[in-house]
There are 2 protein chains.
Amino acid sequence: MTTAPAARRPGRPARYRLDELLHVVVEQFNARGYDATSMEDLARATGLTKSSIYHHVSGKEELLRLAVARAVDALFAVLDEPASVQGPAVARLEHVVRRSVAVLAAQLPYVTLLLRVRGNTGAERWALERRREFDARLADIVRAAIDEGDVRADLDPRLVTRLLFGAVNSIAEWFRPDGAHGVQEVADALVATTFRGLRRD
Amino acid sequence: MTTAPAARRPGRPARYRLDELLHVVVEQFNARGYDATSMEDLARATGLTKSSIYHHVSGKEELLRLAVARAVDALFAVLDEPASVQGPAVARLEHVVRRSVAVLAAQLPYVTLLLRVRGNTGAERWALERRREFDARLADIVRAAIDEGDVRADLDPRLVTRLLFGAVNSIAEWFRPDGAHGVQEVADALVATTFRGLRRD
DNA sequence: GTCTATAAATTGATAGAC
DNA sequence: GTCTATCAATTTATAGAC
């Protein structure tokens with residue numbers, strides 16, 4: 001007797017795949033904040049009961065972990081793109097900035113959530129650790145750009161990195177896919193207002 | 001029989017003034033997040049009981065309200081300084097940026113909390129409203145600087161404002177009074193990396 | 001001004017039927 | 001895969017003594 005190919009019983013079709021569930025959940029986390037969102041809130045938003053949610057995940061924290069992992073993966077993928085590892089450091093930096101803005105826009109709810117984690121749970125502390133790692137990789141590029149003589153040497157690389165990606169990350173606070181500014185326009189404006197200061201005259 | 005001048009009974013001296021209490025509370029709110037901080041957490045951190053805290057304030061939300069109001073007041077005071085209302089707009093903008101960084105550093109825990117409010121409570125919605133008002137005032141200055149020909153006209157004033165103050169606000173995420181960078185150094189670096197992009201050549 | 005004791009509601013999570 | 005029913009712990013807040 002072999003295992004039947006997951007025959008679906010007619011009465012109750014599966015309402016959610018995990019990624020669809022996650023989509024609704026992350027919206028709630030962003031609207032109310034992770035801690036202020038109860039499983040009851042999530043049940044209401046998904047149209048499921050609390051119990052049904054526990055069928056998909058082990059608990060609230062796993063929902064957070066899955067969501068921030070998605071954002072982390074997307075951002076780290078940028079660092080591995082050819083244009084992030086080849087060529088002059090100042091060009092690599094601009095590429096990473098532009099692509100980070102693009103990823104932020106494309107994965108807006110997930111990146112927004114990632115940028116708000118506080119460190120209360122294990123999942124949050126893991127996310128903070130990865131963010132620090134990302135920042136360190138960026139600072140390396142800034143440092144290289146200084147060494148190559150394309151970025152002013154009178155500024156601390158760590159400080160420049162923080163301010164530059166502070167501006168990048170702040171985009172998550174107000175960017176909307178259907179808003180007044182397109183991704184390209186935002187990235188252009190950011191590069192224009194920062195790189196002209198970064199580049200040596 | 002007149003009212004006695006608040007004779008303090010020897011047994012239990014007042015442990016806290018409201019602002020001292022608030023100092024401890026805001027530290028907790030920032031460390032755990034407002035929603036994740038329970039009155040029990042606050043009791044432990046202050047060394048008081050939950051009941052005693054309710055003697056000072058009406059509840060958790062009033063603590064939040066008092067804290068964010070302090071940050072809002074300090075930031076709006078910057079807009080009323082003489083150098084924020086007199087002279088060329090581009091100079092006023094630089095002054096507001098530098099002074100905002102200074103206020104952020106001086107009132108770090110309170111501004112940090114303000115920048116994290118989500119809008120769940122009345123106090124939070126009030127804070128978000130004031131932040132929008134602050135942003136609008138800034139955008140006015142940027143617009144004036146464009147009109148006066150000192151800032152590039154090819155960028156949207158609202159967008160420039162958001163990116164510029166996104167960088168300013170991000171400072172709250174990592175700045176520490178005893179850290180590697182002084183307030184002056186941070187403000188200088190920020191102005192250097194942004195205004196050289198903003199100023200017309 | 002601070003305490004002990006406790007109320008009323010909500011929370012994250014589980015058991016077990018269908 | 002979703003449900004009803006329920007639990008134990010925690011949460012915000014109050015009552016009343018000293």
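Sequence lines set the chain letters: A, B, ... in the order given, protein chains first and strands last, and positions in each chain run from 1.
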Worksheet item: Is A:R17 paired with A:D19 through a side-chain N to carboxylate O contact shorter than 4.0 Å?
Response: yes

Discussion item. Nearest whole Å is fine: how far is C:dA7 P from B:K50 NZ?
Written reply: 14 Å

Worksheet entry | Flag, side chain of B:E173 to backbone of B:S170, donor-acceptor distance under 3.5 Å | no

Practice prompt. Give the rounded distance in Å between these two atoms: NE2 of A:H56 and C1' of C:dA13.
Written response: 16 Å

Discussion item. Need one value for B:S38: base, sugar-phosphate or nothing, where a base atom within 4.0 Å counts as base even if backbone is also close, heavy atoms only.
Written reply: sugar-phosphate

Worksheet item: Which whole-number value in Å describes the distance from B:E40 CD to C:dA9 C1'?
Response: 17 Å

Worksheet item: What is the distance, rounded to the nearest whole Å, between atom NZ of A:K60 and atom P of D:dT10?
Response: 15 Å

Item to complete: Identify whether the distance between the nearest side-chain nitrogen and carboxylate oxygen of A:R132 and A:D135 falls below 4.0 Å.
Response: no

Worksheet item: Checking A:R116 side chain against A:N30 main chain: does a donor-acceptor pair fall under 3.5 Å?
Response: yes

Practice prompt. Let me know the distance between CG of A:L63 and C1' of C:dA13, rounded to the nearest Å.
Written response: 13 Å

Worksheet item: What nucleic acid atoms does B:T37 come within less than 4.0 Å of, heavy atoms only: base, sugar-phosphate, or nothing?
Response: sugar-phosphate

Worksheet item: Does B:R15 have a side-chain nitrogen or oxygen under 4.0 Å from the phosphate oxygens OP1 or OP2 of C:dC3?
Response: yes

Worksheet item: Considering only C:dC3, D:dC3, C:dG12, which nucleotide approaches the side chain of A:M39 most closely?
Response: C:dG12

Item to complete: Look at the side chain of A:S52 and decide which nucleotide, out of C:dC3, D:dT12, D:dC3, has an atom nearest to it.
Response: D:dC3

Worksheet entry | Under 4.0 angstrom between B:H55 side-chain N/O and C:dT2 OP1 or OP2 | no

Discussion item. Quick check against the 3.5 Å criterion: does A:Y16 have a side-chain atom that pairs as donor or acceptor with the backbone of A:T46?
Written reply: yes

Practice prompt. Report the distance from atom OH of A:Y54 to atom P of C:dA17, rounded to the nearest whole Å.
Written response: 21 Å

Worksheet item: On a plain distance test, is the side chain of A:S51 in donor-acceptor contact with the base of C:dT14 below 3.5 Å?
Response: yes

Worksheet entry | Spacing between A:L42 atom CG and C:dT10 atom C1', to the nearest angstrom | 14 Å

Practice prompt. Whole angstrom is fine here: how far is it from CD in A:E61 over to P in C:dA13?
Written response: 8 Å

